[in-house]
Amino acid sequence: MPTRREFIAATAAAGAATALAGVPVEAAQQSTLFAAPPMDRVRIGFVGVGGQGSVHVDNLLMIEGVEIRAICDIVEWKVARAQDAVVAADQPKPAGYSRGPRDFERMCAEQELDLVFTATPWEWHVPVLLAAMRNGKHAATEVPAAMTVDDCWQLVEAAEKLQKHCLMMENCCYDRREMLALHLVRLGMLGEILHGECGYLHDLREIKFAKEGEGLWRRAWSQTHDGNLYPTHGLGPIAQCMNVNRGNRFDFLVSMSSNHRGLEQYAADHFAETDPRRHEAYKLGDVNVTLIRTLKGQTISVGHNTNNARPYSRINLVQGTQGIIQGWPDRVYIEGRSPEDRWETLDRYYDEFEHPLWKSARVRDATNGHGGMDFLEDWRLIACLRAGLPTDQNVYDAAAWSSLVDLTERSVAARGRPQDVPDFTRGRWQSTPPLGIIES
Ligand SMILES: NC(=O)c1ccc[n+]([C@@H]2O[C@H](COP(=O)([O-])OP(=O)(O)OC[C@H]3O[C@@H](n4cnc5c(N)ncnc54)[C@H](O)[C@@H]3O)[C@@H](O)[C@H]2O)c1
C-alpha cells in the first residue's frame, strides 16, 4: 500500500479531468442548480469524528486539494485524534472545537471554510447544516440528512435561499454493484424500469446496546419512533435508477411495522436485572415494510430491520421489462443474454459493463470505509466542488430520501394510510436532466 503522501503525489498529476471521468460536461452544465464557482482547494471543517467521521477524515486527507482546517466534537480526545491524523498527513494542525454540543456554531462563524461536513448523531445533522449555510459554507452530512419533513423543508429552503450545496453523503449509491446496476439501467439492458426492492437489514443489536459510539444515541430512537429510521442506504441507489427528482419523483407511500421483540429479548439475554438497559421500553417495530409509488408508475419496496438475527442485506433489486439485477447474493438475469430461466453471477457483467468510476484503480485500491464506496463518494464531492459542478446528490435528494423517516412513521401510526411524498423540488424535477455520472 502506498503511504498517503505517495498516493497524493502519484495521483495529483491526474487532476480534475480524470477525477471527473463519467460526467459528461454538457449534461452537468444543463443543471446549474447549486453549481458554485470552481475552487482550487476545499477548506473543510469536520463536525463529529466518531466511527464514520474518522473514515471520512482519513479519506479526505488522501484527496488532492483538500485542507482540513477545523475539527469539532463534543469529546476532546476525538478532536485530538483527528487533529493528529491531519498533522500526520502533512497538513497544519486544524483548529479544535469541543466546548459542548453547539460549539460547531462557533466554528462555522469564525473559521474560513468552504465546506462543513458532519457525521454526528442524527439529531444534530440539521442544526450543523443550517449553521454552515447561514455562515456562507457549503454543507454535507451523513445519512439520513433529516428526521422530519419539516426539517427536510428547512434544508431545501436554506440551500435555495443561500445558494449553497447541502447534500447528503449516501455512500451506497457508490458501491460497485449498485453502480453496475445503474450502468445497466442507463444502457437500457434491463428494459423499462418497473420496480425496485431495497432495504437496510442489519443486525445492530450489539451496536445499539454498546456503551460507546452509536450505542450512546442510536438505541434512543428505537424507544420513541416506529417507522423506517434509516431508509437512504437502500432507497438512494433505486431512486437514481428511477431518475427521482430528475424527470420523475416519489408520489406516495404506505408503511407497516411488525411487533418489536429483538431489543427486549437481547437485553433480557445479556444484561443483569440491575442494568437500566434491561428495563427500557421500545416502540420501533423490528420489521418495517414500506411501498412507494413514483409519479411515473414504478413501485419500490423498502425494508428496515436492525433488531433481529440475520445476515446483512440492502437487497438492491431492480426489475425491468427485459431483466433483473439483485444483491445478497449478487445475481442478474437478462433476456436474450442469460441462459433461459437461470441467474448468472456478475463477473462477466463487471468485465463488460463496469461503471466507469469503478474502473479507476484509485477507487478499487481504496478499501478504507465499506470497501471503497466511501472513498469514491468523498472523491466525487471534492471533484465536483473543485470543478464548480453540481454535486451528484443535491438537497432535493437529501430531502426526498430522508423524508421517509417521518412519512413512514405517520403511515404506521395511521394503520398504513397513504402519505404523499412532498415535491421538494417544487416542480423542478420536470426540467432537471438525469444524473450525469450515470453516463460514461
Ligand atoms: N454511510 C454509512 O455507511 C454510515 C456508517 C456509520 C454511520 N453513519 C452515519 O454517521 C453518523 C455518525 O455515526 P457514527 O457511527 O460515526 O457514530 P459515532 O457515535 O461513532 O460518532 C458520532 C460522533 O459525533 C460526536 N458528537 C455528538 N454530538 C455532537 C455535537 N453536538 N457536536 C459535535 N460532535 C458531536 C460524538 O462524540 C461522536 O464522536 C450517523 O448519522 C450515522 O447514521 C453512516
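Counting convention: from 1, in listed order, for ligands and their atoms alike. Along the sequence shown, the residues carry numbers beginning at 1.
- Those atoms of ligand 1 with a heavy atom of Trp124 less than 4.0 angstrom away are 28 (N), 31 (N).
- Polar contact check, Arg218 against ligand 1: no nitrogen or oxygen pair lies under 3.5 Å apart.
- Of all the atoms in ligand 1, the ones that sit under 4.0 Å from a non-hydrogen atom of His233 are 1 (N), 2 (C), 3 (O).
- Proximity of a side-chain donor or acceptor of Ser258 to a complementary backbone N or O of Val287 within less than 3.5 Å is detected.
- Residue contacts with ligand 1 for Thr120 involve both N, CA, C or O and side-chain atoms from C-beta outward (heavy atoms, distance under 4.0 Å).
- For atom 10 (O) of ligand 1, the choice among His125, Glu142, Arg102 with the nearest heavy atom turns out to be Glu142.
- Under the 6.0 Å cut-off for aromatic ring centres, Trp429 and Phe424 do not qualify, their centroids lying 6.0 Å or more apart.
- Listed by number with element, the atoms of ligand 1 under 4.0 angstrom from any heavy atom of Pro101 are 30 (C), 31 (N), 32 (N).
- Ligand 1 has a nitrogen or oxygen under 3.5 angstrom from a nitrogen or oxygen of Val143.
- Side-chain contact between Val149 and Leu407 is present, with heavy atoms from C-beta onward closer than 4.5 Å.
- The option from Ile71, Asp73, Val75 that lies nearest to atom 38 (C) of ligand 1, judged by heavy atoms, is Asp73.
- The shortest N or O to N or O distance between Val47 and ligand 1 is not under 3.5 Å.
- Under a 4.0 Å criterion applied to the non-hydrogen atoms of Gly213, ligand 1 contributes the atoms 19 (O), 20 (O).
- Below 4.0 Å from some heavy atom of Asn171 lie the following atoms of ligand 1, by number and element: 1 (N), 2 (C), 3 (O).
- Taking the ring centre of Tyr396 as origin, the terminal cationic atom of Arg246 falls outside the region bounded by 6.0 Å and 45° from the ring axis.
- Annotation for ligand 1: atoms under 4.0 Å from non-hydrogen atoms of Tyr230 are 4 (C), 8 (N), 43 (O), 44 (C).
- Judged by the shortest distance from any of its heavy atoms, Tyr97 lies outside the 4.0 Å radius around the atoms of ligand 1.
- The shortest side-chain heavy-atom distance between Cys384 and Asp392 falls under the 4.5 Å cut-off.
- Side-chain rings of Phe353 and His183 stay apart, their centers remaining 6.0 Å or farther from each other.
- Here Tyr200 and His233 bring their ring centres to under 6.0 angstrom of each other.
- When only interatomic distances are considered, the shortest N/O to N/O separation between Asp374 and ligand 1 does not fall below 3.5 Å.
- Residue contacts with ligand 1 include Ile74, since one or more of its heavy atoms lies under 4.0 Å from the ligand.
- Side-chain contact between Arg177 and Trp358 is absent, with no heavy-atom pair separated by less than 4.5 Å.
- In terms of modelled atom types and a separation under 3.5 Å, the side chain of Asn248 and the main chain of Val244 share no donor-acceptor contact.
- You'll find the ring centres of His270 and Phe209 outside the 6.0 Å limit.
- Close contacts between ligand 1 and Lys78 involve ligand atoms 38 (C), 39 (O) [criterion: under 4.0 Å to a heavy atom].
- With hydrogens and angles ignored, the 3.5 Å screen pairs a side-chain donor or acceptor of Arg81 with a backbone N or O of Val49.
- Shown in contact with Pro121 at under 4.0 Å from a heavy atom are these atoms of ligand 1, numbered in order with element: 22 (C), 24 (O), 26 (N), 27 (C), 28 (N).
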